[in-house]
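Below is one structure, written out as structure tokens, with a few remarks after it.
Just the heavy atoms: all of them, side chains too, but no hydrogens, waters or symmetry mates, feed the values below. Whatever order the structure lists ligands and atoms in, that order sets their numbers, starting from 1. Treat the numbers as computed from the prediction; the structure is a model and nothing was measured. Residue numbers run from 1 in the order of the sequence given.
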Amino acid sequence: MIDLTIHVALEKLKKGEISATELTRAHLDRIEKLGGDLNAYITTTPERALADAAAADARYKNGTARALEGIPIGMKDLFATRGIRTTAASHMLENFVPEYESTVSQKFIDSGSVLLGKTNLDEFAMGTFSKTSYFGAPVNPWQIERKLTAGGSSGGSTSAVAGGLAMGATGTDTGGSIRFPSAITGLVGMKPTYGLCSRWGCVAFASSLDTPGPIARTVDDAALLLSVMAGHDEKDSTSESAGFNAHTPLESILGDGKKLRIGVIRELNDVAISDDMKKLFNARIADLKSLGAEIVEVSIPNILDALAAYYIIAPAEASSNLARYDGMRYGLRVEGSDLIDTYKKTRAAGFGTEVQRRMIVGTAVLSSESYEVYFMQAARVRRMIADSFNAAFEQCDLIICPTSSGTAMPLDSDLSPLEYYALDMFTVAMNLAGIPACSVPAGLAGNGLPLGLQVVGKRFDDLRVLQLAKHIEQFAGVDNRPTKIMGK
Ligand code: GLN
């Protein structure tokens, strides 16, 4: 049952071939068996899951089943869940139990899904290997004995979905945190258009970049999850009025004489990528051409400056967003000799090294001496990148590019902060531009590990992004069934 896609499971639930309770128990058993090795969850909610499942079974009986009725999912532990602790993988929020429900998690409740638990991540979603988690890093289910990273920051979600510890999960993507972890675990991860999914009740990292989105094993499943997550929310002032209603399975946008212009970014030719990535990229381009796609070269002149701009803007916003953790209202409090001392002791004890580094950098670039040279300059680069993407989409319908240069690395790789930041090379530009991008399996590298390609579209072209991703998924044919990946 673990290997079923969401679409197939829904069919079986509708026909009464399986029950939501059986499906949920199968996932809870797997969490029990493998949860310790994978460290995918920070908090599991088995009682809630079984109650959700029983309610779902009742709805199948009385004919009121909803879009995800009875589907067991994982929720990134950045989304506030009422009555269930929400930690952001930080010591600061280790014992924080929200009294409210985030909009995204509420939408999952309203769609009838079953909550298995809260998935692990980098502390406050800052990181690339999920190693900054206060609860230890999640592990990649592929070649598990090698202890590879499941990516970050949504690494608990990808570990859970790839390992069969959830049928789908939520992620958030500020600079690549849905796409990179999905790529290196053989999954589909969609960063939607900024504003399509509400950020309300999601612990803030960099508000102008933070984008909730789905992680699943197939493009059709990701599209279904996104249909549930998306929609205007008056509680989030940057939420857009557009919704997303995919009729799944998704229709094809290639073949049968349909013309599609696919852009490849000239400047990315200069970026070093692994031979495997090069090979798979070229193979998938050839496949798409065989269906009649036209390949056009486009230029995003400042794309190589995206990393620098991102690592100014994101820390700047983080330093402001994380000012609220002061030990006064909620979260950790370490008593000091006076008010200032209490702030200092609380923040020194509550935040890990990477989060502290970001706040120091962020505060520095916002200081009066640096604001114009760093922050405003980064804001201008951001504008130029967004404008170049708009211009590129006059010449092509969609763009494809790698999600990462190589496959999953060992968790004990000794990388400097700058080396970690450089891994976001292919993902941050889309956040700066606010445009949709989906990572989809492109094939397996010579070492047997998965690699991903991104499909990128203009704002609100999320549906076409997923449609093209589906073609790539079909050509790649990566078998990502959890029992296949894990050999059990
Ligand atoms: N790796 C990036 C960072 O550390 C992206 C994180 C994210 O998207 N949340 O900032």
Apply the test side-chain hydrogen bond (donor to acceptor under 3.5 Å, both in side chains) to residues K76 and T170: give CA-CA distance (whole Å), side-chain angles for both, the deciding distance (0.1 Å), then the verdict. CA-CA 6 Å; K76 186 174 183 178; T170 54; over 6 Å; no
Check: every ligand 1 N/O to protein N/O pair under 3.5 Å:
residue: ligand 1; atom: 1 (N); partner: G127; partner atom: O; Å: 2.9
residue: ligand 1; atom: 1 (N); partner: T128; partner atom: OG1; Å: 3.1
residue: ligand 1; atom: 1 (N); partner: D424; partner atom: OD1; Å: 3.2
residue: ligand 1; atom: 1 (N); partner: D424; partner atom: OD2; Å: 2.9
residue: ligand 1; atom: 4 (O); partner: G127; partner atom: N; Å: 2.9
residue: ligand 1; atom: 4 (O); partner: G127; partner atom: O; Å: 3.4
residue: ligand 1; atom: 4 (O); partner: Y311; partner atom: OH; Å: 3.4
residue: ligand 1; atom: 4 (O); partner: R358; partner atom: NH1; Å: 3.4
residue: ligand 1; atom: 4 (O); partner: R358; partner atom: NH2; Å: 2.7
residue: ligand 1; atom: 8 (O); partner: T174; partner atom: N; Å: 2.8
residue: ligand 1; atom: 8 (O); partner: G175; partner atom: N; Å: 2.7
residue: ligand 1; atom: 8 (O); partner: G176; partner atom: N; Å: 3.3
residue: ligand 1; atom: 8 (O); partner: S177; partner atom: N; Å: 3.0
residue: ligand 1; atom: 8 (O); partner: S177; partner atom: OG; Å: 2.6
residue: ligand 1; atom: 9 (N); partner: A125; partner atom: O; Å: 2.8
residue: ligand 1; atom: 9 (N); partner: S153; partner atom: OG; Å: 3.4
residue: ligand 1; atom: 9 (N); partner: S177; partner atom: OG; Å: 2.7
residue: ligand 1; atom: 10 (O); partner: Y310; partner atom: OH; Å: 2.6
residue: ligand 1; atom: 10 (O); partner: R358; partner atom: NH1; Å: 2.9

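- Once rounded to the nearest 0.5 Å, the distance linking OH of Y310 with CE of M425 reads 13.5 Å.
- Using the six-membered ring where Trp is involved, Y325 and F124 have ring planes that are tilted, between 30° and 60° apart.
- Using modelled atom types and a 3.5 Å distance limit, the side chains of N431 and Y194 yield no donor-acceptor pair.
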Given R324 and N321, is the side-chain hydrogen bond (donor to acceptor under 3.5 Å, both in side chains) satisfied, shown in steps? CA-CA 7 Å; R324 71 188 73 174; N321 272 327; 3.2 Å; yes
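- Sorted by first and then second residue, the pairs that involve residues 437-451 and meet side chain to side chain donor-acceptor pair (under 3.5 Å), not counting sequence neighbours, are T403-S439, T407-N447.
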